[in-house]
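Before any comments, here is the structure.
Not measured: the values here are computed from a predicted model. Atoms within a ligand are numbered from 1 in the order they appear, just like the ligands themselves.
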Amino acid sequence: NSYEYLLVERKAAVGLITLNRPKQLNALSFGVFGEIATAIDELEADAAIGCIVLTGSEKAFAAGADIKEMQPKGFIDMFNADFTAIRGDRVATCRKPTIAAVSGYALGGGCELAMMCDFIIASDTAKFGQPEITLGTIPGIGGTQRLTRAVGKAKAMDLCLTGRMMDAAEAERAGLVSRIVAVDKLLEEAMAAAEKIAAMSQPAAEMAKRAVNRAFETTLAQGMEVERDLFRSSFALQDRAEGMAAFIEKRPPQIRNR
Ligand code: HXC
């Protein structure tokens, strides 16, 4: 596939998607959203890829949905765009592990896009917010839902109602980001984490991801049951047998993703 707004690269077993609309601070037009969905389709279908990193520029991960594009639109335009152009949840439905590497602004749809990833690694310059309220609208792809699950009601309400930004330290304290790194080390650290994940058994990684995600959708008892079923299923994997044998034999495992 060729992309207008993204760079899509394969670095060994890691797929790297870089938002590349610098003059607009990576504002997420329908075209950008559509290309992100296509890139996820492409990398998810590539058996050689074990983990996907999504990043922006140093100044902006993404400053939100494209306000200039949205300004003239009405209800039916946005209603239809969900299915045809935006495919807004595609990152969240990716079966392979995904990491957002966030530097600078992650606002509105940008914050929501980062939250669709399995976890967020932030640079010390990152700023997160849901400023939609200042435009007379509200978040539309997870800002009231994923943010609330990540940081709790108090901070989610504060951010969605005031539109203020929070810096990386506040985001880490609140549980939105898993690690903060120096801005010049951001991509290095995110790629290293992704390489580590990509070296694991892919089916085991998918099971782990699915089980964690169930925690947001179920009661504890139901979630425990899903975890137990997936845990038992992992005993059907050759990689599980090999992983345990390698530990006992004090040698590195030969992972075959099966
Ligand atoms: C369109 C945008 C944009 C956006 C920035 N730009 N954000 N264009 N949509 N979301 C453009 C500016 O118009 C400007 O273009 C150029 O990028 C540089 O931006 P500046 O504002 O000059 O930069 P700066 O002064 O450094 O301020 C950075 C900023 C500010 C604080 C991030 O740009 C800003 O507040 N942006 C909007 C943030 C926002 O409200 N996001 C939520 C969008 S709603 P020109 O051509 O003028 O130089 C949303 C809904 C999600 O996301 C629902 C999804 C379906």
Side-chain angles (χ1 to χ4, degrees), residues 4-7 17-40 54-94 98 100-117 120 122-151 155-171 176-177 183 186:
E4 187 178 348
Y5 307 115
L6 309 179
L7 299 171
I17 303 174
T18 307
L19 301 173
N20 186 28
R21 218 187 157 207
K23 287 203 190 80
Q24 291 84 11
L25 304 183
N26 293 330
L28 302 162
S29 62
F30 289 7
V32 180
F33 273 121
E35 286 194 357
I36 292 168
T38 303
I40 296 289
L54 184 56
T55 195
S57 69
E58 188 174 321
K59 178 160 186 197
F61 177 74
D66 188 323
I67 300 167
K68 291 171 189 164
E69 181 183 57
M70 284 187 295
Q71 194 273 334
K73 295 204 184 301
F75 168 81
I76 197 66
D77 304 309
M78 298 310 282
F79 185 85
N80 289 335
D82 270 356
F83 307 106
T84 54
I86 296 180
R87 294 172 67 203
D89 236 28
R90 185 61 186 92
V91 174
T93 62
C94 182
T98 54
V102 175
S103 174
Y105 298 110
L107 302 177
C111 186
E112 294 172 303
L113 183 63
M115 291 190 293
M116 284 178 217
C117 295
I120 301 173
S123 81
D124 46 14
T125 65
K127 287 190 181 342
F128 298 87
Q130 298 292 160
E132 288 90 343
I133 189 89
T134 67
L135 303 167
T137 182
I138 72 165
I141 44 173
T144 68
Q145 300 303 302
R146 290 198 178 94
L147 183 66
T148 307
R149 283 165 164 78
V151 306
K155 217 169 270 290
M157 283 289 191
D158 181 353
L159 292 167
C160 290
L161 290 174
T162 69
R164 78 173 173 89
M165 295 181 209
M166 64 178 171
D167 64 16
E170 184 179 357
L176 183 64
V177 313
V183 63
L186 175 67

Is [Y] close to [X] at the side-chain level, that is, under 4.5 Å between some pair of heavy atoms?
X: Tyr5; Y: Gln24; answer: no
X: Lys155; Y: Leu176; answer: no
X: Leu19; Y: Ile36; answer: yes

Can you tell me which residue and heavy atom of the protein come closest to [atom], and the distance to 0.1 Å?
atom: atom 19 (O) of ligand 1; value: Leu25 CD1, 3.6 Å
atom: atom 26 (O) of ligand 1; value: Lys59 NZ, 2.8 Å
atom: atom 40 (O) of ligand 1; value: Pro131 CG, 3.5 Å
atom: atom 15 (O) of ligand 1; value: Lys68 NZ, 3.6 Å

Taking heavy atoms and a distance under 4.0 Å, where does [X] meet ligand 1: side chain, backbone, both or neither?
X: Leu135; value: side chain
X: Ala27; value: side chain
X: Ala63; value: both
X: Glu69; value: neither

For [X], the ligand 1 atoms whose distance to one of its heavy atoms is below 4.0 Å:
X: Gly109; result: 49 (C), 51 (C), 52 (O)
X: Ile141; result: 54 (C)
X: Met70; result: 44 (S)

- Item | Sequence neighbours excluded, every pair satisfying salt bridge (Lys or Arg N to Asp or Glu O under 4.0 Å) that has a member inside residues 28-40 | none
From [atom], is the closest protein heavy-atom distance below 4.0 Å?
atom: atom 21 (O) of ligand 1; result: no
atom: atom 10 (N) of ligand 1; result: yes
atom: atom 32 (C) of ligand 1; result: yes
atom: atom 48 (O) of ligand 1; result: no

- Note on the structure: Given the options Met157, Glu112, Met115, Leu147 meets side chain to side chain contact (heavy atoms under 4.5 Å, CB included) only with Met115
Against ligand 1, does [X] come closer than 4.0 Å with any heavy atom?
X: Lys23; result: yes
X: Pro139; result: no
X: Glu112; result: yes

First locate atom [atom1] of [X], then atom [atom2] of [Y], and finally report the distance between them rounded to the nearest 0.5 Å.
X: Ile17; Y: Leu6; atom1: CD1; atom2: CG; answer: 7.0 Å
X: Leu54; Y: Ile40; atom1: CG; atom2: CD1; answer: 6.5 Å
X: Thr38; Y: Arg90; atom1: OG1; atom2: CZ; answer: 9.5 Å
X: Leu28; Y: Met70; atom1: CG; atom2: CE; answer: 9.0 Å

For ligand 1, is there an N or O atom under 3.5 Å from any N or O atom of [X]?
X: Ala65; result: yes
X: Leu107; result: no
X: Ile67; result: yes
X: Tyr105; result: no

Which atom pairs, one a donor and one an acceptor, fall under 3.5 Å between side chains of residues 132-139 and the rest of the protein, sequence neighbours left out?
| from | atom 1 | to | atom 2 | distance (Å) |
| --- | --- | --- | --- | --- |
| Glu132 | OE1 | Gln130 | NE2 | 3.2 |
| Glu132 | OE2 | Gln130 | NE2 | 3.2 |
| Thr134 | OG1 | Pro131 | O | 2.6 |

- Item | Shortest heavy-atom approach to atom 5 (C) of ligand 1 - which of Gln130, Gln24, Arg21 | Gln24
Between the main-chain N or O of [Y] and the side-chain N or O of [X], is there a donor-acceptor pair closer than 3.5 Å?
X: Asn26; Y: Arg21; value: yes
X: Ser123; Y: Val183; value: no
X: Thr55; Y: Ala101; value: yes

- Message: So that I can tick it off, tell me whether Arg146 and Asp89 are bridged by a salt bridge, with the cut-off set at under 4.0 angstrom between side-chain N and carboxylate O.
- Response: yes
